[in-house]
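Quick notes on the structure that follows.
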Amino acid sequence: MNLHDLSVIGTPALLATTVAVFILAGVVKGVVGLGLPTISMAMLALVMAPAQAAALLIVPSLITNLWQARPWPTLMQVLRRTGSLQAGVCVGTIAGALWLGAPAGHWASVCLGVALVLYAAWGLFGKPPTVPAQREGALGAVVGLATGVVTAATGVFVIPAVPYLQALRLDKDGLIQAMGISFTVSTVALAAGLWLNGSYTPDAAGASVLMLLPALAGMALGQWLRDRLSPRAFKQCFMVSLALLGAYQVAQGLAG
């Protein structure tokens, strides 16, 4: 890694903006447990191509989600219940990348905006039903495929995977771990999809590694804030902001 890796970001002003976005995204993840790729894609897509933004989030997302996927002794237990979801995510993301190509242009802005609005609506109002145990395998695969296609199109991999994981009625620790596993798999699949489309170059990978530091700093700040703020109030403000940003991106994409 060197300063040449940062050349994929562009001007010093854009670099400063990118660092600030990853700090903010890390704060959000530190407070509410998710949202790093969502907020980073939402904000960075306003100032750079969606495919470039998706490439930058790979390493920060991967490392923070691997951390969230612990504790290792319970990993296999959670994987047994979510394995079909993870397999579907991999297939859906790679198929979506080959079918749709790298996120680019007005359609990517519209897709990302719609995903953000749906994510915000779920966060504010969603109450997922319970998934019957005998249907977890088949339904998990379908949800995984859908999540994979959304991931390939937008770089955001929370819809519909997170509502589905909530519907499994895991305990709090199990849900946090399951989200960490799902996000890790989605990140790796997204990296593979971007590589297939020529969007994940060595320079992009190096810049992504350098964005890990501001993301981790933001997470540390978010964890500190979590002890001093109401996570529910913070999450409500966060979701409303995402909904407004998503609506703006849809309007911008349709106008273009």
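From a predicted model like this one, the values you see are computed outputs, not experimental measurements.
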Next on the checklist: side chain to side chain contact (heavy atoms under 4.5 Å, CB included), that's the test. Do Ile181 and Val78 meet it? Break it down for me.
Outcome noted: CA-CA 9 Å; Ile181 294 168; Val78 176; 3.7 Å; yes
Checklist entry - Could you go step by step and tell me if Cys90 and Val185 meet the side chain to side chain contact (heavy atoms under 4.5 Å, CB included) rule? => result CA-CA 7 Å; Cys90 292; Val185 171; 3.5 Å; yes
Checklist entry - Step by step, would you call Val162 with Tyr119 a side chain to side chain contact (heavy atoms under 4.5 Å, CB included)? => result CA-CA 9 Å; Val162 172; Tyr119 174 47; 5.8 Å; no
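The heavy-atom pair separating Phe22 from Pro60 by the smallest distance is CE2-CG, 3.9 Å. In plain terms, the two heavy atoms of Leu44 and Ala53 that are nearest each other are CB-CB, 3.6 Å. Residues Ala42 and Leu245 approach most closely at CB-CD2, 3.2 Å, considering heavy atoms. For the residue pair Leu194 and Ala51, the shortest heavy atom distance occurs at CD2-O, 4.3 Å. The minimum heavy-atom distance linking Leu165 with Ser182 is given by the pair CD1-CB, 4.1 Å. Between Ala215 and Leu36, the shortest heavy-atom contact is CB-CD1, 4.1 Å.
Here the CE atom belonging to Met211 is positioned 5.5 Å from the CG atom belonging to Leu15, to the nearest 0.5 angstrom. Taken from OG1 in Thr151 to CD1 in Ile94, the straight-line distance is 10.5 Å, to the nearest 0.5 Å. One distance of note links OG1 of Thr93 with CG of Leu145; it measures 9.0 Å at 0.5 Å rounding. Here Leu62 contributes atom CG and Ile58 contributes atom CD1; the two are 8.0 Å apart, rounded to the nearest 0.5 Å. To the nearest 0.5 Å, the span separating CD on Gln249 from CG on Leu46 amounts to 5.0 Å. Taken from CZ in Arg169 to CG in Leu175, the straight-line distance is 10.5 Å, to the nearest 0.5 Å.
No single ILVMFWY cluster, assembled from side-chain heavy atoms under 4.5 Å apart, contains both Val149 and Val91. Met179 and Val188 fall into different hydrophobic clusters, where Ile, Leu, Val, Met, Phe, Trp and Tyr side chains are chained together by heavy-atom contacts under 4.5 Å. By the rule that hydrophobic residues join a cluster once side-chain heavy atoms approach within less than 4.5 Å of another member, Val150 and Leu196 end up as members of separate clusters. With hydrophobic clusters built from ILVMFWY side chains whose heavy atoms lie under 4.5 angstrom apart, Phe125 shares a cluster with Leu244. In this structure, Leu124 is a member of the same hydrophobic cluster as Tyr248, with clusters built from ILVMFWY side-chain heavy atoms closer than 4.5 Å.
Ser208 contributes no side-chain N or O that, together with a main-chain N or O of Ala204, makes up a donor-acceptor pair within less than 3.5 Å. For Arg70 (side chain) and Trp67 (main-chain N/O), a donor-acceptor pair under 3.5 Å exists by modelled atom type. The closest donor-acceptor contact from the side chain of Thr147 to the backbone of Ala161 lies under 3.5 Å. With hydrogens and angles disregarded, no donor-acceptor distance shorter than 3.5 Å links the side chain of Thr154 to the backbone of Leu112. In this structure a side-chain-to-backbone donor-acceptor pair under 3.5 Å is missing from Asn197 to Ser199.
More than 12 heavy atoms of other shown residues, nucleotides or ligands fall within 6.0 angstrom of atom CE in Met239.
Listed by first then second residue, pairs satisfying ring pair (Phe, Tyr, Trp, His ring centres under 6.0 Å) with a partner in residues 27-66 number zero, not counting sequence neighbours. Sequence neighbours left out, the pairs with a member in residues 19-46 that pass side chain to side chain donor-acceptor pair (under 3.5 Å) are Lys29-Asn65, Lys29-Gln68. Residue pairs that meet the ring pair (Phe, Tyr, Trp, His ring centres under 6.0 Å) test with at least one member in residues 165-187, sequence neighbours left out, are Phe157-Phe183.
Residues that satisfy the side chain to side chain donor-acceptor pair (under 3.5 Å) test with Thr64, not counting sequence neighbours, are absent from this structure.
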With a cut-off of 3.5 Å and sequence neighbours excluded, list every side-chain donor-acceptor pair involving residues 133-143.
residue	atom	partner	partner atom	Å
Glu136	OE1	Arg81	NE	3.4
Glu136	OE2	Arg81	NH2	2.6

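With no hydrogens or angles considered, a side-chain donor-acceptor pair links Thr74 and Gln177 at under 3.5 Å. Side-chain atoms of Ser61 and Thr187 include a donor-acceptor pair closer than 3.5 Å.
Side chains of Trp195 and Thr201 form no contact here, defined as non-hydrogen atoms less than 4.5 Å apart. Proximity of Val21 to Ile23: side-chain heavy atoms (C-beta onward) are nowhere separated by under 4.5 Å. You'll find the side chain of Ile39 reaches within 4.5 Å of the side chain of Leu242, heavy atoms only. A 4.5 Å side-chain heavy-atom check between Leu168 and Thr130 finds every atom pair outside the cut-off.
Through direct or relayed side-chain contacts under 4.5 Å between Ile, Leu, Val, Met, Phe, Trp and Tyr, Leu213 connects to no other residue.
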